[in-house]
Amino acid sequence: MTRATQLKAAGDWSGPAADVMVLDFDSRSHRNGTVTGIHGTTLDLALAQAVTPRTGDAFLADDGRLFEVVSKPEALLDIKPASDADLPRIAWQLGNHHLAMQIVGKRGRFVYRG
């Protein structure tokens with residue numbers, strides 16, 4: 001199995017990717033584990049630090065090949081609190097349950113797992 005220990009940011013790598021990894025947020029949030037590309041390549045992740053790859057980034061394998069990361073589209077829930085003071089409390093509560101949340105203006109957004 002091919003092993004990747006580094007992540008290259010979008011713009012910091014060039015050339016053709018050996019495969020494309022379409023990953024949901026949870027899969028992109030782990031520094032260790034196994035992911036499979038659209039062409040069937042299995043990649044063993046062993047990153048030195050926790051990072052969340054974004055679309056356009058690439059995993060660098062020990063053999064020098066690059067594997068492009070694409071964020072898988074996911075359903076999102078948009079939260080519009082009754083008051084500005086409610087948003088930090090809601091974000092804290094969701095974070096306390098280990099749900100990743102994004103704050104956009106006066107709204108909160110998180111991945112729907114229904």
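Residue indices begin at 1 and follow the sequence shown. Just so it is clear, the values below take in all heavy atoms, side chains as well, and ignore hydrogens, waters and symmetry mates.
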Taking all atoms of both residues into account, what is the closest heavy-atom pair of [X] and [Y], and its distance?
X    : Y   : value
A85  : P88 : O-CD, 3.4 Å
G108 : L87 : N-CD1, 3.9 Å
A46  : N32 : CA-OD1, 3.4 Å

(message) Could you walk me through whether T34 and T42 satisfy the side-chain contact (heavy atoms from CB on, under 4.5 Å) test, starting with their C-alpha distance in whole Å, then the side-chain angles of each, then the deciding distance to 0.1 Å, before giving a yes or no?
(response) CA-CA 7 Å; T34 303; T42 302; 3.2 Å; yes

Please set out all donor-acceptor pairs under 3.5 angstrom arising from side-chain atoms of residues 70-78, sequence neighbours excluded.
residue, atom, partner, partner atom, Å
S71, OG, T55, OG1, 3.0
E74, OE1, R113, NH1, 3.2
E74, OE2, F25, N, 2.8
D78, OD2, R107, NH1, 2.9

(request) Indicate if V35 and V51 have the same hydrophobic cluster label, given that clusters are the connected sets of ILVMFWY residues with side-chain heavy-atom separations under 4.5 angstrom. (result)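 Yes.
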
(request) Show the numbers, then the answer: is there a salt bridge (Lys or Arg N to Asp or Glu O under 4.0 Å) between D86 and R89? (result) CA-CA 5 Å; D86 289 336; R89 184 179 52 79; 3.4 Å; yes

Which side-chain N or O atoms in residues 5-23 pair as donor and acceptor under 3.5 Å with protein atoms at least two apart or in another chain?
residue, atom, partner, partner atom, Å
T5, OG1, D62, OD1, 3.4
W13, NE1, G56, O, 2.8
D19, OD1, I38, N, 3.3
D19, OD1, H39, N, 3.0
D19, OD2, H39, N, 3.3
D19, OD2, T41, N, 3.1
D19, OD2, T41, OG1, 2.9

(message) Are V69 and F59 packed together at the side-chain level, in the sense that at least one heavy-atom pair is separated by less than 4.5 angstrom?
(response)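 Touching, per the 4.5 Å side-chain cut-off.
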
(request) Just jot down the salt bridge (Lys or Arg N to Asp or Glu O under 4.0 Å) partners of D24, sequence neighbours excluded, or say none. (result)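 With neighbours one apart ignored, the set is empty.
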
(message) Please enumerate all residues that pass side-chain contact (heavy atoms from CB on, under 4.5 Å) together with T2, with sequence neighbours excluded.
(response)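 Partners of T2 by the side-chain contact (heavy atoms from CB on, under 4.5 Å) criterion, ordered by chain and then number, come out as L43, A61, D63, R65, F67.
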
(request) Output every pair passing salt bridge (charged side-chain N to carboxylate O under 4.0 Å, His left out) with a member in residues 27-36, not counting sequence neighbours, ordered by first then second residue. (result)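 As it turns out, there is no salt bridge (charged side-chain N to carboxylate O under 4.0 Å, His left out) pair with a partner in residues 27-36 once direct neighbours are skipped.
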
What donor-acceptor contacts under 3.5 angstrom involve side-chain atoms of residues 92-106, with partners at least two apart or in another chain?
none

